Chemist: 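Below: one structure in structure tokens.
Below, each value reflects all heavy atoms present in this structure, side chains not excepted, and no hydrogens, waters or symmetry copies. What you see is a predicted model, and the numbers here were worked out from it, not measured in a lab. Residue numbering restarts at 1 for every chain, and letters A, B, ... go by the order of the sequence lines.
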Amino acid sequence: MPQLDFATFPTQLFWLLISFSILYCIIWRTVIPRISNVMEERQSRVNGDLERANNLQAEAKMVLNSYEKALTDGRSEAQNLLKETALKIAKRQIDQETALSERIKQMSKDAEARIKGVREKAMADVKVIAVELAQATTAKLFEEVSSEEEVLNVVEEVMEEKV
Amino acid sequence: MAKGGNNPLAQFEIKELVPIQIGDINIAFTNSAAFMLFAVFSISAFLIFSMRRSTLVPGRWQSMAELSYEFVANLLRETVGNEGRKYFPFVFSLFMFILFGNMIGMIPYSFTFTSHIAVTFAMAVAVFLGVTFIGLAKHGLHFFSFFVPPGVSVVLWPLMIPIEIISYLSRPVSLGVRLFANLTAGHTMLKVFAGFVVSLGVLGGILPLAFVVALTGLEVLIAFLQAYVFTILTCFYINDAIHLH
């Protein structure tokens, strides 16, 4: 078995020492600082990104909250406005209705007054016509002209009875 | 088995490439040394070139380098905790060295320097001595309380303390032999079955060929697993030295 050939041990140990020392120095001085630098940099970058993401999330939450608040505020305001307007409209309606009914009442009153006036005038006219007619009739029938006052009295008497 | 190419142990032979002699000691540059330096070169190339244009979002090569770094870093953090950070360069070098030694050994006609007991045992002894030194430096004489198992009555101490000391001293042996034995056995078995493919001919060789393919997959797994085991046991030993019980 070549492994148990003790004559080869010194050279193996010597070259093991040499090569392992070289490797150790290279790894210790060059490789490890390089790799650990890169990994540290990455770690800090990842941490920074995470922190930024958290901040942004908090900000987004805040914006969302304020947006929701504005929305509810707007909604309640709109509701209030709607209510107010409805009240106003109702009030105006009532006002207008009362005004209108007042006007109608006034108008009907005027109309009644006018009708009364016309009726009275018509009555007076009727009286005059009746007097004239009575005078004319009596003149024709009895060939005598009765005085206007007499006829008027009779007509008034008759009209009092009829009406 | 015949000599030379068909000998399944021939792959472990150490061949001198450049003879070097210091005094009585032969420290020739061998195929083993060449593959050790090749492993060091491959690891350095992999880890340095993949991190050359390092970006925040890693590419494939950078990802692999970072993955191996984090793999060992997590191993150390989980077993030892934050006090283990000091030893990370050593543990990381150890893991990469064994892993690349094992993996390069899986390439046909290459040499597996981790299949030599001299190399694995030397690494295990280095870990053992280093860990013992850390324990002594950190706890002073109190370190020897490590050999007294907690919650055991004084009556049993004469029995338990020798057992603990033996188990502590056998750590480098088991650590070194485990890696050496796994790789030697695996590579030998691969070679034996590969020899069957040749000797059984075209028809009869299909079965051993399929077996060799499956075995190669298993050996790649073992190559990784043994590097992992060596590293995690080193982490455990460091943890014991720092925290005692």
Chemist: For B:I48, which atoms come within 4.5 Å of any heavy atom of chain A: side chain, backbone, both, or neither?
Modeler: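 Both backbone and side chain.
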Chemist: Go through the atoms of B:S115 and report whether side chain, backbone, both or neither lie under 4.5 Å from a heavy atom of chain A.
Modeler: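 B:S115 touches chain A through backbone and side-chain heavy atoms alike.
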Chemist: Check each atom of A:F14 against the heavy atoms of chain B and say whether the ones under 4.5 Å are side chain, backbone, both or neither.
Modeler: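 For A:F14, the contact with chain B is made by the side chain alone.
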Chemist: Quick check: A:F20 with B:F90 (ring centres under 6.0 Å apart)?
Modeler: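 They qualify: ring centres under 6.0 Å apart.
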Chemist: For B:F180, is it the side chain, the backbone, both, or neither that has a heavy atom closer than 4.5 Å to a heavy atom of chain A?
Modeler: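 For B:F180, side-chain heavy atoms alone lie under 4.5 Å from chain A.
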Chemist: Please look at A:I32 and chain B and tell me whether the side chain, the backbone, both or neither of the residue comes under 4.5 angstrom of a heavy atom of that chain.
Modeler: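 For A:I32, the contact with chain B is made by backbone and side chain together.
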Chemist: Let me know if B:I25 has heavy atoms under 4.5 Å from chain A in its side chain, its backbone, both or neither.
Modeler: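 Only the side chain of B:I25 comes within 4.5 Å of chain A.
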Chemist: Answer with side chain, backbone, both or neither: which region of A:L13 has an atom nearer than 4.5 Å to a non-hydrogen atom of chain B?
Modeler: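 Contact with chain B involves the side chain of A:L13 alone.
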Chemist: Quick check on B:E70 against chain A: is it the side chain, the backbone, both or neither that has a heavy atom closer than 4.5 Å?
Modeler: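 Only the side chain of B:E70 comes within 4.5 Å of chain A.
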Chemist: Could you have a look at B:S44, B:A73, B:S50 and say which one has the most heavy-atom pairs with chain A under 4.5 angstrom?
Modeler: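 Going by pairs under 4.5 Å, I would pick B:S44.
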Chemist: Treating A:W15 as the side-chain partner and B:I27 as the backbone partner, does any N or O pair qualify as donor plus acceptor under 3.5 Å?
Modeler: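 Yes; judged by distance alone, with no hydrogens or angles, the pair exists.
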Chemist: In terms of heavy-atom proximity below 4.5 Å to chain B, should A:I27 be classed as side chain, backbone, both, or neither?
Modeler: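 Only the side chain of A:I27 comes within 4.5 Å of chain B.
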Chemist: Before accepting this row, confirm whether a basic side-chain N of the pair A:R42/B:E66 lies closer than 4.0 Å to the acidic partner's carboxylate O.
Modeler: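 Answer for the salt bridge query: yes.
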Chemist: Please look at B:I20 and chain A and tell me whether the side chain, the backbone, both or neither of the residue comes under 4.5 angstrom of a heavy atom of that chain.
Modeler: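 Side chain only.
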Chemist: Check whether B:Y69 gets within reach of chain A through its side chain, its backbone, both or neither, counting any heavy atom under 4.5 Å.
Modeler: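 B:Y69 touches chain A through side-chain heavy atoms alone.
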